[in-house]
Amino acid sequence: MSRLVVEHGTVVTSEGSVAADVLVEGERIAALLAPGAPIVSGSDLRRIDAAGKLVVPGGIDVHTHMEMPFGGTSSSDTFATGTRAAAWGGTTTIVDFAIQPRGGSPRQGLETWMARADGRCAIDYGFHMILSDVTDDALKEMHGLVDDGVTSFKLFMAYPGVLYSDDGQILRAMQAAATCGATIMMHAENGIAIDVLVSEALARGQGEPRLHGETRPAVLEGEATHRAIVLAGVAGCPLYIVHLSAAEALAEVAAARDAGALVFAETCPQYLFLDEGLMDGPGFEGAKAVCSPPLRPSAHHDAMWRGLGTDDLSVVATDHCPFCFKGQKELGRGDFSKIPNGLPGVEHRMDLIYQGVESHRITPERWVELTSTAPARIFGLYPKKGTLLPGADADIVVYDPERAHTLSAASHHMAVDYSVYEGMMMTGGVDTVISRGTLVLSDATYEGREGHGRFVARTRFGGVDVPVGRVGARAAP
Ligand code: URP
Ligand code: ZN
Ligand code: ZN
């Protein structure tokens, strides 16, 4: 059995920070040891020096879209390139989205995405299921998918005619989720109203990328978030709002959580760092910044940082969905509604959120919680992942808080021809990445392997074997 020790570093978990050595045996963490404690060592023990560095659980990005068909093209990172880029940035697990084909079954969608990822990933991966066609059969299938470790389902209040579900379909899916222990993830934007605004803008001859933002106002995210929360309350299922971008939506989540609702939300680095003005770039450059929900004015960024502090935002994921500018974003020249929606980011999440530590907005422990532990807990990966406790998978990142570097398309590893963070200077960077006991990045040199990553079956919400709805029912008088 291979053995290694990460020594002389500061171990940071969501619980606290301590000087400790981390002993790894095979694929698992064997022990946290007092610094310098003797290890019965054979010649096989590999030593990794983490002096002056932070030793943290590997990042978990629960919102990626590799090879996703969208708007007549597919996102440009494959499972091979996207997971490699994720590893470069200190992420050791992704949870991507399989899609139920319209007119087809969720199981078919899962098989398609499993085949795409199988043997290609550099790090471990799981799947959520996007329900694009909420039929009786699809609802029945949810139970089997949950048994197979696909324990979360995304629904869309946006994109009518493509991925959209109406309120009745949403409620039925939520009811099914409540009975099988699944979590509903929601893209909360009022797509019916947005489509009216989009048609009006195009009819006025306004087709430039800036209109993407103007036709998706924050209030329509707030309204949809409210509706999703109400529907989840009626059904009694856990709800997770994805890619939350607007202060209006955050206020709805905060009110629901204050009232004790089982509601969680994630935001993404783009909603913390990037301004709506990027959509108004010269020529067609604004297309590079088109994603949904759209980038917001910077006042919303402050609200998002506050939400990360109060835990009304529990997770930072990337919504990594890259499209090259050349040949892909360009599909929307003259008609912003045809620009494929999505931004690249899987490689930069740990560094970007670490800037919040640098600027004293969050603690190092909260950084770990937002990027690893909380996503693991909410999505049924904990305590296998998201922690450095003995017995956990040895997914470990050695992070150098002093490493200065600049984000750029010239140096990133994502298969996309631009960076939305071009020229942004980072303090802090990844030194070493270990995935299930295997070195993937060593002293900033890539040692990973396509196919090392394995599918991870996730547990039901709360890590329990019975749905929370049923637990609640048992407790009721
Ligand atoms: O613009 C985005 N967010 N593209 C990816 C698909 C989604 O809605 O998450
Ligand atoms: Zn979405
Ligand atoms: Zn997404």
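Ligands are counted one by one from 1 in listed order, and the atoms in each one are counted from 1 as well.
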Would you please say whether a donor-acceptor pair under 3.5 Å links the side chains of [X] and [Y]?
X    : Y    : value
D77  : H320 : yes
E422 : S408 : yes
T310 : D312 : yes

Check residues 150-159 and write down every donor-acceptor pair under 3.5 Å in which the side-chain atom is one partner and the other belongs to a residue at least two apart or another chain.
residue, atom, partner, partner atom, Å
T151, OG1, R458, NH1, 3.2
T151, OG1, T459, O, 3.1
S152, OG, H128, ND1, 2.6
S152, OG, R458, NH1, 3.1
S152, OG, R458, NH2, 2.8
Y159, OH, N341, OD1, 3.1

Are the side chains of I362 and I353 in contact, using a 4.5 Å heavy-atom criterion?
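Yes, side chains in contact.
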L202 and S337, any side-chain heavy atoms less than 4.5 Å apart:
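Sidechains of L202 and S337: in contact.
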Measuring from each atom of ligand 1, which residues have a heavy atom under 4.0 Å away?
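Around ligand 1, where the cutoff is 4.0 Å for heavy atoms, the contacting residues are H63, H65, K154, F156, Y159, H187, H243, C291, S292, D319, C321, N341, G342.
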Report the name of the N/O/S atom of H63 located nearest to the Zn ion (ligand 3).
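So the atom name we want here is NE2.
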Under 3.5 Å donor-acceptor pairs involving side-chain atoms of residues 66-76, not counting sequence neighbours:
residue, atom, partner, partner atom, Å
E67, OE2, F79, N, 2.8
T73, OG1, Q328, NE2, 2.7
S75, OG, H65, O, 3.0
S75, OG, E67, N, 3.0
S75, OG, M68, N, 2.6
S76, OG, P322, O, 3.3
S76, OG, A415, O, 2.7

Should the ring pair Y421 and H348 be called parallel, tilted or perpendicular, given that the plane angle runs from 0 to 90° and is split at 30 and 60?
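Taking H348 first and then Y421, their aromatic rings stand perpendicular (interplane angle over 60°).
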What orientation do H243 and H63 show, parallel under 30°, tilted 30 to 60°, or perpendicular over 60°?
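Judged by the thresholds at 30° and 60°, the geometry between H243 and H63 is tilted.
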For the atom pair CG (L244) and CZ (F264), what is the distance rounded to the nearest 0.5 Å?
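The distance works out to 14.5 Å.
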Tally of protein N, O or S atoms, where distance to the Zn ion (ligand 2) is under 2.8 Å
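Total protein N/O/S atoms under 2.8 Å from the Zn ion (ligand 2): 3.
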